[in-house]
Every structure is written in C-alpha cells, then in structure tokens.
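Below is one structure, written out as structure tokens, with a few remarks after it.
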Amino acid sequence: MDHAERRMNSLPIADAETKIDPVCGMKVRADSPRSVDFEGVRYVFCSDGCLDKFKKDPAGVLAKRAQKESASKSSCCGEDSISDVDGTSSPASCCGGRTMPTSSDPPSDPDAIYTCPMHPEIEQVGPGDCPICGMDLEPKLVDMSGPEDDEQYSDMKRRFWIGAALSIPLLVIAMGPMIGMQVTDWITPTALGWLQFALATPVVFWCGWPLLVRGAKSFRSLNLNMFSLIAVGSLAAYLFSLVVVLLPEMIPAAFYENGVPPLYFEAAAVIITLVLLGQVLELRARQQTGGAIRELMQLAPQTATRVGDDGDEEVKLDEIQKGDRLRVRPGEKVPVDGRVVSGSSSVDESMLTGEPLAVQKVEGDQVTGGTLNQTGALVMVAVGVGGDTVLSRIVQMVADAQRSRAPIQKLVDVVAQYFVPTVIVCSILAFVGWAVWGPDPRLAHAFVAAVAVLIIACPCALGLATPMSVMVGVGRGAKEGVLIKNAEVLEVMEKVDTVVVDKTGTLTQGRPEVTAIETFGDWSESEVMSIAASVESQSEHPLAHAVVRRADANDWDRTDAEDFNSITGGGVRARVGDHDVLIGNAALLSEHGVAGVDAGRSTSQSHQEQGATVVFVAIDSQLAAVLAITDPIKESTPAALRTLHELGLKVVMLTGDAEPTARAVATELGIDEFHAGVSPADKHDFVRKLKNEGKIVAMCGDGINDAPALAEANVGIAMGTGTGVAIESAGVTLVGGDLRGVAAAGNLSRKTMSNIRQNLFFAFFYNALGIPIAAGLLYPFFGVLLSPMIAAAAMSFSSVSVIGNALRLRSATLS
C-alpha cells in the first residue's frame, strides 16, 4: 500500500458507504481496494494484514467475529449508538466499531490495532513500524492488564545498555591518544583494528538492527526520514572501517592520518548507541504521557458483586451484562453505570464532577462507574457496561485526542518532505568541497564532514515537536477534567476571543426548584402541579425536573401522559386524561392561541426581576398557572468569569429566559453582553453572526437545544453533566460541568501551543546551526571539524530537549 493510498483510506468515512472489517472490526470504505468475495459476500479490509489473515482462514475469522459480537454487543459501537446512563441514545464514539478497552482485555491481543504516534492515519493489526517516519507503532488503546513497561520499551532499553557497554571501550581506544594513553604500546595496530571490529559489529548489527531496518524501508518506499540518515551515516563509518581492516592497501593515501588509514568503528557504534538512548527516552516519555489514560482506567474496579438467585457472586468486570443486579457495599467503587433499585447512600463523584461533596443516591437515581460509594449499601441494575460507560467514553476521547494532529503539524510535514533529501545533498556537497579544497588528508576530512552532516541533521526533534506537546497537553487537561476532542481544537482554542455561554446548567447549578406557583381560574395548586408533573416527567429538561420534584415532594399524584411532544426551545405538549396540556414560555402559548397569557405576563414580571425563570401552564387552551423556577448560580461561576476576563475574553450570555431574568443574572455576574428569549436556531444564528464579524467563538452549553450552536462555533464546549448530544457536538467537554473548566481549557491551549512553538524553534534552530558546523564552517576560523560522535550526541540532545520541554506541561497550572 503506497502513501497516497493510505491517505485515501484515512479520509473521513462518515458520509461514505462503509462496511466492517471482519478481522479487526474497523469501519472501512465500501470501495476499499482490499476486498475478497467469500460464499457470495464481499468483505473489505482496512489493511493488508487483515486481508492476509482473512484469506488464510475465512470461515474461522467470520466465526470469531460472530462470537465477539455476540459476547459484547453492548460494548461494541459498530453501527449502533451508545446508550447513556439514563437510557437515552447518543452517537457512537468508540473507535471504528471496535470494543472499548477494559481493564480485563488480554495483554497481547493478536487483533489489536496499532498506530503511529506521528501519523495517526497509519493503522494496522499488530505491531510494526510506520512506513512514513519509521517510528514504532503503538497500541491504539491503552492496555491496563499488562505491565507498564511494554515489550518495545524493554527491548530498546536492552539494546541501548548492551550498545553502551561495548561502545565505552571503543571510545577509550579512539580517544586514548588525546589524553596521552597510547593503546598501541601494548597491542599491535592490526590487532587493535580487529578488536574494534569485534566490539562495533554487534552494536551496529544487533543493537542498531531496528534502526537499520527502518532506514532500509525508508529508501525502498522513498519515504526518507531520520532513520535514512542514521543508517547511511553509521553504515558509511562502519563499512569504511571494515575495508581498512580487511584491505588497507585499497585506502587512498589522501585518507591517511599520521601515516595510517583511520578507523571510525567508534563513531558508528556511538552513533547507534546515542540514537538508541534517544529512542529509550522517547518511549519512556510516551508511557508517561499515557499516564492520564491509565489513571482514568484504574478508576474502575477489577471485579463486582453480582446478585443472583443463588446469592451473591464475585465476577470480573467484563462478565457484567446490561440488566445484571449488582451490590455495592460501603467503601467500594461503583463497577459500571447503572440505576439504584434499592438502598441509599452518599456517593463521591469527585472523579467525574470535581466536586468534593458526596451526592445522596436513592432508589431510581443514576450512578456512574468508577465513583466511590461511601456510607450505605446499594443494589443497582447495570445500564452501561464495557464501552457504554461514561468512564470508557472519556478514556476513548482522551486517547483519540492524543493521536490527533494539530494544523501546525502541516508545516512540519512540508518541511520534512524536503528536509532529508536536502540533507543528503548537503552531505555530498560537503564531501566534494573538502575533497577538492580541504587540507590533507582531504578524503579523511571530507568523509568525517559528510557523515557528521548526515547524523546531526536527523529530524527526530522536528518530528517530536508537535505530537509530544499534544499528547502531554491533552493528558494534562484530562487530569483537570478538560477533555479535548482533537489537537485542532487545542490550536483553535488559543485564538478564541469571545465566549458564548448558556445560562441554565452552565452559569447556574442546573438543578432548579419551583419557588412560586400562581394559579388562574378554578385550578388549585395540587391539580395544576399534578397535571404539569405528569407531562414534564417525560422531559429531560432541568426545568421539567424541577416541576416533577415539587410534585413528588408534596405527594401530588401523577398519571400517564399521552401524545407527548417536545417543542425544541419552546416547551412541551401532551394529553393528560381529557385535558390538552401545553407548557412553555409566554411566546409559545400566545402562538397557540392560549387565552389569559397577558395576565400571566403581568404576574410573572416581579419573579423575573428577581432572576427567576417563569413557566406558563395552559390546560385546554386556557392559562392555568405560572410557575416561578429559580436556578441558583454555581459558587464557582463568578471566579471563573473573572478568569475569562483576565484572559482578555468577551463573555456573552444567550438564554431562552425572559429579558428581566436574563438581565438580573447578567448584572449580578458582570457579563459583558446578554440576549434573552433566544431559541436554538437563534443561538446558532448568533454564533454564525459573530464568526462572520471575524470573531473566534467558543460556545459553552449543556443541553440538546445548545447542540446546533456548539457545532457552529469555532470551538464547542460541553458540560460533561449535560446531554450526550451536546457532548458529541462539542470539541471540548468539561467533565465536572464547571465554568472554571473553560478558563482551564483556554490556559491549556495557550500553554500547549506555546510549548509547540518552543519545540519547533529548538528543532529548526538546531538544524539551521548544526548542519553548517558539521559541514566545517568553523574549521577556517578555529580549526574545528565536528566528529560524527559529537554530531550524534548533539542530535540526541536536541530530541531530549524537545521531550523535556513537552513534559513540562505535566506540571502546568491551568486555573
């Protein structure tokens, strides 16, 4: 598969006809060139590896796929949607139809998907190396069952230590004369050459074998990369030295130093060893950047107590199915998402919301996997298991974001495309220049300069600059409850100048309460509230929940509502018994010809001036009641708004509430601009209007009515306590549902992008300075010609500096 084909197959497939790869379960374009007809059915595949595996045993592969789908229907996204804890459906967010990771996944899954950290479009079944940059592929999903030090890291570390042990004697032999130690006093030059050969050969061809293989692949595929330069430079030094040992008479006199041909075994060995050191440090850093995901996954317990007909039994997490009854004792973690069916307790949900106070849970309440049960015993029914849990979706979101690429990476790609060929040309020119105009021994100097240019110009620091910062930054945000959907969002967030916020659930607690009931006609409070609660019990809006809670608190009876219809951004309508009920704002009731709305407006004005939201209840086209509902402002909101203003951001509030209510809230909080009585379409249009004016807009909301505006904004920010639709429409999710997360996201984006620019400066400046010095720029002035060993050390140092700079983000302060 060539590069162009890989690019094609990595294009978005949401709007194209897709099929499922029967080997790995990924979604694949139906017109994929990799396909096989088996028993009258055409199957398509994501990679040659999957295609070959299917051809070997098609019946076995299909049987295995059917078994997996049967065993984990609830945890595989495939073509289905993911059910939220409350049973509602939200778009699938799993990876290409594969099951989500759990702590009990096998440590060495032969069907695991691996991807390149620098080129996320490259995916294949099983480990390997990237055909573009040569980097080792790594698992797309974090494996929690295996040890933290994976096989790739351990192998590279072993190769480095063996290489270091063999390279140190070579350095002593080569550098001895510079400190007055003449090794030839006790060993002949010929024997010394063979000794260096014996020490260097295993370093180059065993320790450095993975590097040489990648270099060879890069030339074969014409995707030249850092390993191209490493392979050419180290092999040139080694093979030249080998010829000197085997056939010294073939070496031209122009190469001779002090009457003998020079050996560069130590340069080849040290180059390989230092590159291996860089690889070890990089792999270790990548493991550390996965710490956020690992910590999230460790929040879920390993086992759960299932309640059966024969008593309780302890089962592994992956054995739990939807509908299972589970017992959660005091001090235990909630195993999966579910609903309490008996018992009561306080549950610590700080891992999800960031709030330190425990939340009381009683029968009918929802609980989230990974939260901590504190005081009482609960029996719950599993609603979301495997990949359907909130925790699993958070893990997948973080993992996908760490694999994504910021738009600034395009600059790096363009540079890298021309960089390696340019370096090779510079190396050739350096050789020619020294061979023609250099001092004696001309060819020796030319050879050293050419190899040094190849080694010092390795673009590993350039390739690491962006992805390392993105991975660390996204992980840092996850620890603060700020989930970034992809790197592009991270880059755009830095440029935001206007933040548009919804009121209910964003500025306020999102748990409003009915504080006043004004009835009209012959209706009593209990009659109106019984009918209203019967209708609102079918709605998910926070205001509807307030009505239901007030009715339940007073033991007002509810009956089943029929023909329920939600009017987006306006209200709800249904039939309760013989009554036609319409609940919403004054404009909605007027639009439907309800009598008495003007009287209700007069009554509602005083409540609105105090910041209350007013809901009108009409029964049989006649105004029956006006409900004043107050939603307290979150304690953290004032401080969060101050931080946003300190960042230079303008804050605009859009709300469906009436103008007096909106004005009271905006005045209290010091909001720059507000608009009241807006519908979902109005929110969408307002965001578009700001964008047309040249503003970079972040929209923050939590409800279904906010989804269009979230999608239209440059950056959509959803409260994690909100609806699944809002979260899917957003680029940033604030797990705790706290506006402080908006400020944290702003700080995170600015610090991450600043870190990326610093890394790119290090990489570009280093190469711009290093290549001329390696080519011999300093020789005419100071008589200094850079050794390939020093060039290799400098190249490794540049990578280490980029990695170290990126890791600084792990301790960045975001609030």
Side-chain angles (χ1 to χ4, degrees), residues 503-504 508 512-539 541-551 553-554 556 558 561 563-632 654-666 674-680 682 703 705:
K503 181 177 77 70
T504 304
T508 62
E513 299 295 339
V514 177
T515 54
I517 303 171
E518 306 275 358
T519 60
F520 295 83
D522 297 329
W523 293 101
S524 66
E525 282 190 9
S526 59
E527 290 172 331
V528 170
M529 291 300 293
S530 294
I531 292 174
S534 299
V535 175
E536 296 285 30
S537 63
Q538 299 191 36
S539 173
H541 197 281
L543 297 182
H545 293 167
V547 174
V548 173
R549 281 195 298 271
R550 178 62 182 268
N554 289 275
W556 290 326
R558 284 189 274 143
D563 301 328
F564 177 84
N565 180 37
S566 176
I567 305 168
T568 303
V572 293
R573 188 168 196 167
R575 288 195 63 81
V576 179
D578 296 331
H579 299 297
D580 182 18
V581 183
L582 180 63
I583 304 175
N585 55 33
L588 177 70
L589 270 64
S590 297
E591 184 181 325
H592 285 77
V594 172
V597 174
D598 289 340
R601 282 197 175 101
S602 300
T603 302
S604 66
Q605 187 170 357
S606 62
H607 296 295
Q608 292 172 336
E609 289 173 351
Q610 297 175 12
T613 298
V614 176
V615 173
F616 291 71
V617 180
I619 302 176
D620 298 328
S621 298
Q622 183 73 35
L623 182 66
V626 169
L627 311 180
I629 302 177
T630 302
D631 188 6
L654 301 182
T655 177
D657 274 343
E659 198 271 346
T661 302
R663 181 178 298 279
V665 173
F674 74 92
H675 297 271
V678 296
S679 66
D682 293 333
N705 60 328

side-chain contact (heavy atoms from CB on, under 4.5 Å) with Gln605: which residues, sequence neighbours excluded?
Glu609
Could you check whether atom CG of Asp522 has more than 12 heavy atoms from other residues, nucleotides or ligands sitting under 6.0 Å from it?
no
Check: Gln538 side chain, Ala561 main-chain N or O, donor-acceptor pair, under 3.5 Å
yes
For residues Ala624 and Val528, report the shortest heavy-atom separation together with the two atoms involved.
O-CG2, 4.0 Å
I want to check something: taking the side chain as every heavy atom from C-beta on, are Phe520 and Thr603 in contact at a cut-off of under 4.5 Å?
yes
With a 4.5 Å limit on heavy-atom distance, are the side chains of His579 and Ser534 in contact?
no
If I take atom CZ from residue Arg575 and atom CG from residue Asp620, how far apart are they, to the nearest 0.5 angstrom?
7.0 Å
Correct closest heavy-atom pair for Thr630 and Ala612 would be OG1-CB, 3.8 Å
What is the minimum heavy-atom distance between Leu589 and Ala618, and which atoms define it?
CD2-CB, 3.7 Å
After noting the C-alpha distance and the side-chain angles of Val615 and Val547, does the key distance pass the side chain to side chain contact (heavy atoms under 4.5 Å, CB included) rule?
CA-CA 10 Å; Val615 173; Val547 174; 5.7 Å; no
Is any side-chain heavy atom of Lys503 closer than 4.5 Å to one of Phe674?
no
Grab the two heavy atoms, one from Ile629 and one from Ala546, that are nearest each other, plus how far apart they are.
CG2-CB, 4.1 Å
Is there side-chain contact between Ile531 and Ile619, with heavy atoms separated by less than 4.5 Å?
yes
CZ (Arg663) and CD (Gln608) are apart, to the nearest 0.5 Å, by 12.5 Å
Counting distance only, does the side-chain N/O of Thr515 pair as donor-acceptor with the main-chain N or O of Ala628 below 3.5 Å?
yes
Contact between Thr613 and Leu543 at the side-chain level, heavy atoms closer than 4.5 Å - yes or no?
yes
What's the verdict on side chain to side chain contact (heavy atoms under 4.5 Å, CB included) for Met529 and Asn554, showing C-alpha distance, side-chain angles and the deciding distance?
CA-CA 10 Å; Met529 291 300 293; Asn554 289 275; over 6 Å; no
Distance in Å, Gln622 CD paired with Leu582 CG, rounded so as to fall on 0.5 Å steps:
12.5 Å
pair Leu623-Phe616: side-chain heavy atoms closer than 4.5 Å:
yes
As an exercise, state the distance from CD1 of Ile517 to CD of Glu525, rounded to the nearest 0.5 Å.
4.5 Å
Can you tell me how far CG of Leu627 sits from NE2 of His607, rounded to the nearest 0.5 angstrom?
9.5 Å
Taking all non-hydrogen atoms of both residues, which atom of Ser590 and which atom of Val597 are closest, and how far apart?
OG-CG1, 3.5 Å
Thinking salt bridges, do Arg573 and Asp580 make one under a 4.0 Å N-O criterion?
yes
Is any side-chain heavy atom of Val548 less than 4.5 Å from a side-chain heavy atom of Arg558?
yes
